[in-house]
**Q** 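What follows is a structure written as structure tokens; I'll ask about it next.
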Amino acid sequence: MNHNTQVGIIGAGPAGLTLALLLQKAGISSIILENKSREYVESRVRAGLLEHNTVSLFDSLRVSERLHKEGLIHLGCFISHNGKSQRIDFAKLTQKEVTIYGQQEVVKDLISACYERNIGIIFEADATQITDLETEKPIIYFTKNNENHSLECDFVGGCDGFHGLSRKTLPKESYQEYKIEYPFSWLGILAYAKPNYEELIYAYHSEGFALASMRSEKVCRLYLQVNNDDKIENLSDEQIWDELENRLGFALNRGEIFEKGITPMRSFMIDNMQFGRLFLAGDSAHIVPPTGAKGLNLAVADINNLANGIIHFYQNNDEELLKNYTQKCLARVWRVQDFSNFMTYLCHKQSEEGTFENQLQKSKFDYLTISEAYQKTIAENYVGLPYETFA
Ligand code: RFL
Ligand code: PHB
């Protein structure tokens, strides 16, 4: 069957859904193709921390009612090193805050707004090929229920994540790839337990990194640095709690662990995010290690640029903003790559105590405890540099 729309979007993650809603607000139609089911994307556990920029954009889309009701506002966080702790006071240093609200809750809110606003989302639709990119009518081919379909559009939003089709569709010679694969991973848990800490704690410990985060007053989100070849089934729940307490340096309220998984840590990006009428956004174009809590926020920042470019095109018949899309995004992408890499090296165990690298790591932490300027650098990157910074 043949379908058509103005903007064909691949992927119903935060990037694709936000793009569809921004376009709809400007009167531009789109269809989202998503290869997983609605239940699957709504229950996929990932990020939890929203920058001020992301929340403001969701406010402008009127999709943040539940976020403001259930989200937790944090005015600071702690960074600790072998038991010594420093608070980073976002409110004082930047006059901004961050909000803790699970990515799957964001995705639920965005999907329900899409339905209310008559935006078509086709779940279990697997995009298999994108053609005619250098014409004014690109086509996305997809399969649904073993049937072949095509979607003709004016633009393609490649919002299909790290393993998607869009990046593979870019000509190899059109971009350079940059990546770091870190020699450690994160083991993350969600547990029904009341957090007995009020703000996030990023803890370096000689045994490895730990992060104490949360989802609500009843649910903890906690992470442990593990080796890349560690297997989740080899660690009992009790060992996980013991290790978290050891690294964080205090006793936690323990409760039932209802979700656990291991995520590899990588920094990845390409330096071109477009080809003809295909535009990549979010994880399809870049991955950052989660230590800076930036992946989802960066995806939404890309989308803000892409939506502005597409809206400008339809309103003025002018492709100028779209031509500069990659350049506009990359300024922020590089900044966020640097910050995420910095936080990763600051907080993870990479070498034995006493080595040169380890002494530098400790010196960075010590400097943090005496320099408000250094704290401010961290704070302004963490809460998110305003969209206008990268004009
Ligand atoms: P997504 O969310 O991966 O969505 C892509 C969607 O595309 C679909 N898809 C296809 N659909 C149709 N046809 C195809 N051929 C398709 N191929 C793929 C997929 O099914 C999927 O639904 O990408 P998007 O929208 O770019 O969003 C990016 C974010 O999901 C990601 O950056 C964050 O989760 C990263 N992240 C964090 N980001 C933050 O901003 N703050 C955090 O606190 C934070 N913590 C985290 C994180 C990621 C983590 N993991 C598990 C990777 C913590 C962790 C542990
Ligand atoms: C989370 O709550 O899942 C979270 C918070 C901060 C991070 C990464 C993940 O840096």
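Just so you know, ligand 1 is whichever comes first in the structure, and atom 1 is the first atom listed for that ligand. Since this is a predicted model, take the numbers as computed values, not measurements.
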**Q** So, 4.0 Å and heavy atoms of Ala125: is ligand 1 close enough to count as a contact?
**A** yes
**Q** Students should be able to answer this: which protein heavy-atom is nearest to atom 6 (C) of ligand 2, and at what distance?
**A** Tyr202 OH, 3.3 Å
**Q** What residues join Val219 in its hydrophobic cluster, counting side-chain heavy atom gaps under 4.5 Å, either direct or through other members?
**A** Val45, Leu190, Tyr192, Phe258
**Q** When you compare ligand 1 with Asp283, is there at least one nitrogen or oxygen pair between them that comes in under 3.5 angstrom?
**A** yes
**Q** Which of the atoms of ligand 2 are close to Pro290, meaning less than 4.0 Å from one of its heavy atoms?
**A** 7 (C), 8 (C), 10 (O)
**Q** Hey, is Glu51 close enough to Lys96 for a salt bridge, meaning N to O under 4.0 Å?
**A** no
**Q** Looking only at heavy atoms of Gly188, does any of them come nearer than 4.0 Å to an atom of ligand 1?
**A** no
**Q** Arg44: heavy atom below 4.0 Å from ligand 1, yes or no?
**A** yes
**Q** Give a yes or no on whether Tyr101 and Leu49 share a hydrophobic cluster (residues Ile, Leu, Val, Met, Phe, Trp, Tyr; joining criterion: side-chain heavy atoms under 4.5 Å apart).
**A** no
**Q** Less than 3.5 Å between some nitrogen or oxygen of Trp186 and one of ligand 2, yes or no?
**A** no
**Q** Which residues satisfy the ring-ring contact (aromatic ring centres under 6.0 Å, His included) test with Tyr345, sequence neighbours excluded?
**A** Tyr182
**Q** Where on Ala293 is there a heavy atom closer than 4.0 Å to ligand 2, on the side chain, on the backbone, on both, or on neither?
**A** both
**Q** Which atoms of ligand 2 sit under 4.0 Å from any heavy atom of Leu200?
**A** 5 (C), 6 (C)
